[in-house]
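Input: a single structure, listed below in structure tokens.
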Amino acid sequence: MATVTLEQVQRVAALSKIALNDQQAIALQKELDKILEYVEQLNVVDTAGVEPTYQVTGLSNIVRSDELIDYKVSHADLLRNVIEHQDGSLKVPKVL
Amino acid sequence: MSKTIPQLQAALQNGSSARQLVEAAFQRLEEVQTDYNVVISSNKQKALLQADQIDKARQEGKDVGRLAGIPFIAKDNFLTFGSKTTAASHMLEPFEAPYQATAIAKLEAEGAILIAKANLDAFAHGSSTENSYYSATKNPHDTAKVPGGSSGGSAAAVALDIVPFALGTDTGGSIRLPASYCGVVGLKPTYGLVSRFGVVAMASSTDVIGPLTNTVEDAALILDIIAGKDERDSTTLSSRDDTYMSSAVVKSQKIGVISEYMGEGISDEIRVQVQKRIDQLKKLGHHVEEVSLPALNLALAIYYIVVPAEISSNLARYDGIRFGHSADASNLDELYAKTREEGFMDENKRRILIGTYVLSSGYYDAYYKKAQTARTLLVKEFKKAFEQYDVLLGPVAPTTAFNLGQNTADPLQMYLADIMTVSASLAGLPAISLPSGVDSASLPIGLQLIADQTNDAQLLALAQQLEKENTRG
């Protein structure tokens, strides 16, 4: 039976970098609890000796030759969306 | 009369111009947009320019493609160069796509003309189109009802006869459910058959692109054009059929009615309509019987672990730095956290948090790995069923379109609308929603047919045969 704590909600919110106020966190705690309780019905399913499925069409690592492909996307079009840039480089707030 | 591609092609043959077709589409759009909120953006100037180019080429006797002059709409999670792509989200409101989605490029290469971007649940997270940053779309049959989701705008556009086809995406039912609620054909192809290059990613192991149309024949035609390997999408299958359109008579199929989908949770009126189709299929000479697939009862639980996990990964790119919304912040961490709090709708946050939770240290084995392992049981059960049956059958949804606002307070209740569509998604199978009657409130009911991987042509052929039988009787 799921008992998601407020602390757990805050923890995953911090991990996924989403700022939540207390009101939002409490609301999400209730919702997540209910949803996780529903999905926990899988706990009783016997999966002994079964391998997980991550990919349903049998693909494994797709490789291509190490050659430049011209995707015909202009530098200008890519930069147009960037919030802050200078001399063709992206500007980000200080990391360290 | 509902718009179809052959109907518009006939008009062109009889002297109409592509410009006239596009103008008619915009006229219809303008008539209905206020009441139904079908689209997020449209580009009349660009569309008319393309139409004029097609008309000129036609006059010069040039080959203008299989869809020359046919207007269409794409869900607003398809990147379109030169027009807005928002994914119905505040996060992508300022976004200008630097390239065109492959599926749209392929359609345009055949002369089709994109006129607008359809409304959806933000980032395709939803079953009702109520999670849109741009307000909900209304059901064409009753404005108090939802059109379904997340491709609600695409389904409404076709049901309202703005265009004969629209593109949608289906991760757990997002083409089939709105098709069912709006009374149009909705096709979810085999996973990997259509390139997803240029489509905003939701869940990478189940996302597919597909058409919504008024006829099965039109759905097959669109699949014919958009299917195929793409170097820019490494999950695309290495081969495809020569054609997905068939005029061959479908003989003697073995059809399995999924007993888990015909149980207590289904409305009686829906069961009656499904039974009618079963009787029609028997009359057509097919062998129809019930089959039990118990693993399908696990599908929704598997889905709402695996898909949020994949969502949390795919939505990590929205960071307020390279594109999209960017919050005012005094440091990097605040930039991320505020941008994402401001840019995402509640449902987006819900799914990211669930996904992060089930993938986090200490919980990964119990949730994510367990779900992916249970997924194997589901895939195996389908495989076994397809050794015995050509096609599986059931309703698309337990009910017809529900009221706007009915499920918004209870996320789990909303998720239950997907209970019969997520299974085909988890196994990568092709599935179609076929309009099959209405309920006592005149709301459409959808029949779901599911086939084995890469049997899209056979699925479409059977659906087309059943559709013909429906219009006859």
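Atoms considered below: every heavy atom in the structure, side chains included; atoms not considered: hydrogens, waters and symmetry mates. A, B, ... follow the sequence lines: proteins, then strands. Residue 1 opens every chain.
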| note | CD (A:Glu31) and CZ (B:Arg350) are apart, to the nearest 0.5 Å, by 4.0 Å

| What residue, out of B:Tyr304, B:Tyr99, B:Tyr191, has the most heavy-atom pairs lying under 4.5 Å from chain A? | B:Tyr191

| Among B:Glu341, B:Lys338, B:Lys380, residue most engaged with chain A (heavy-atom pairs, under 4.5 Å) | B:Glu341

| query | With only heavy atoms counted, which part of A:Leu90 is less than 4.5 Å from chain B, the side chain, the backbone, both or neither? | reply | side chain

| B:Thr356 side-chain N/O to A:Val12 backbone N/O, donor-acceptor pair under 3.5 Å | no

| Neighbour count >12 (heavy atoms, 6.0 Å) for atom NZ, B:Lys84 | yes

| request: Might you confirm whether atom CG of B:Asp328 has over 12 heavy atoms from other residues, nucleotides or ligands at distances under 6.0 Å? | output: no

| message | Working to the nearest 0.5 angstrom, can you tell me the gap between B:Tyr357 OH and A:Leu32 CG? | response | 8.0 Å

| Of the listed residues (B:Ala301, B:Gly192, B:Ala329, B:Ala316), which shares the most heavy-atom pairs with chain A below a 4.5 Å separation? | B:Ala301

| task | Mind running side-chain contact (heavy atoms from CB on, under 4.5 Å) on A:Arg80 and B:Phe323 for me, showing each step along the way? | result | CA-CA 8 Å; A:Arg80 188 170 304 135; B:Phe323 49 83; over 6 Å; no

| task | Write down the atom of B:Ser360, the atom of A:Leu15, and the distance for their closest heavy-atom approach. | result | CB-CD1, 4.3 Å

| What's the shortest heavy-atom distance between A:Val82 and B:Ile321, and which atoms? | CG1-O, 3.7 Å

| request: Output yes when a side-chain donor or acceptor of B:Lys370 lies under 3.5 Å from a complementary backbone atom of A:Val45, and no otherwise. | output: yes

| note | When the 4.5 angstrom heavy-atom criterion is applied to B:Tyr368 and chain A, the contacting part is side chain

| said: How close do B:Arg375 and A:Thr53 get, counting heavy atoms only, and between which atoms? | reply: CD-O, 3.7 Å

| Based on non-hydrogen pairs under 4.5 Å, which of A:Val63, A:Ile62, A:Ile69 is most in contact with chain B? | A:Ile62

| message | With a 4.5 angstrom heavy-atom cut-off, is it the side chain or the backbone of A:Arg64 that approaches chain B, or both, or neither? | response | neither

| message | Name the residue from B:Asp333, B:Thr339, B:Asp319 that meets the side-chain hydrogen bond (donor to acceptor under 3.5 Å, both in side chains) definition with A:Lys17. | response | B:Asp333

| Tell me, side chain or backbone of B:Tyr318 under 4.5 Å from chain A's heavy atoms, or both, or neither? | neither

| field | Smallest separation among heavy atoms of B:Pro94 and A:Asn81, with atom names | value | O-OD1, 4.1 Å

| request: Can you tell which part of B:Ala371 gets under 4.5 Å to a heavy atom of chain A, answering side chain, backbone, both or neither? | output: both

| message | Between B:Val358 and A:Leu36, is the side-chain contact (heavy atoms from CB on, under 4.5 Å) condition met? List the steps. | response | CA-CA 9 Å; B:Val358 302; A:Leu36 288 166; 4.1 Å; yes

| task | Could you check which of A:Ala13, A:Pro52, A:Ala27, A:Pro93 has the highest count of heavy-atom pairs closer than 4.5 Å to chain B? | result | A:Pro52

| request: Measure the NZ-CZ distance between A:Lys72 and B:Phe81 for me, rounded to the nearest 0.5 Å. | output: 13.5 Å

| request: Tell me, for B:Thr454 versus chain A, whether the close heavy atoms (under 4.5 Å) come from the side chain, the backbone, both or neither. | output: neither

| query | Counting distance only, does the side-chain N/O of A:Thr47 pair as donor-acceptor with the main-chain N or O of B:Ala374 below 3.5 Å? | reply | no

| Per-residue contact mode, B:Gln453 against chain A (heavy atom under 4.5 angstrom) | side chain

| request: Answer with side chain, backbone, both or neither: which region of A:Asp46 has an atom nearer than 4.5 Å to a non-hydrogen atom of chain B? | output: backbone

| request: For a side chain to side chain contact (heavy atoms under 4.5 Å, CB included) with A:Ile35, tell me which candidate from B:Ile305, B:Leu353, B:Ile354 qualifies. | output: B:Ile354

| field | Interatomic distance, B:Arg322 atom CZ to A:Leu78 atom CG [nearest 0.5 angstrom] | value | 11.5 Å

| field | Neighbour count above 12 (heavy atom, 6.0 Å) for B:Lys229 NZ | value | yes

| request: Could you please spell out the steps behind the side-chain contact (heavy atoms from CB on, under 4.5 Å) verdict for B:Leu416 and A:Tyr38? | output: CA-CA 11 Å; B:Leu416 288 169; A:Tyr38 178 85; 4.1 Å; yes

| request: Tell me, out of A:Leu28, A:Val39, A:Leu79, A:Asp77, who's got the most heavy-atom pairs with chain B below 4.5 Å. | output: A:Val39

| Side chain, backbone, both or neither of A:Ile83 within contact of chain B (heavy atoms, under 4.5 Å) | both

| said: Nearest 0.5 Å, please: how far is CD1 in B:Ile311 from OG in A:Ser16? | reply: 12.5 Å

| Got a second to check how far B:Ile302's CD1 is from A:Gln41's CD, nearest 0.5 Å? | 9.0 Å

| message | If you count heavy-atom pairs within less than 4.5 Å of chain A, which of B:Leu300, B:Leu335, B:Val379, B:Asn331 leads? | response | B:Leu300

| field | Interface moiety of A:Leu42 toward chain B, non-hydrogen atoms closer than 4.5 Å | value | both

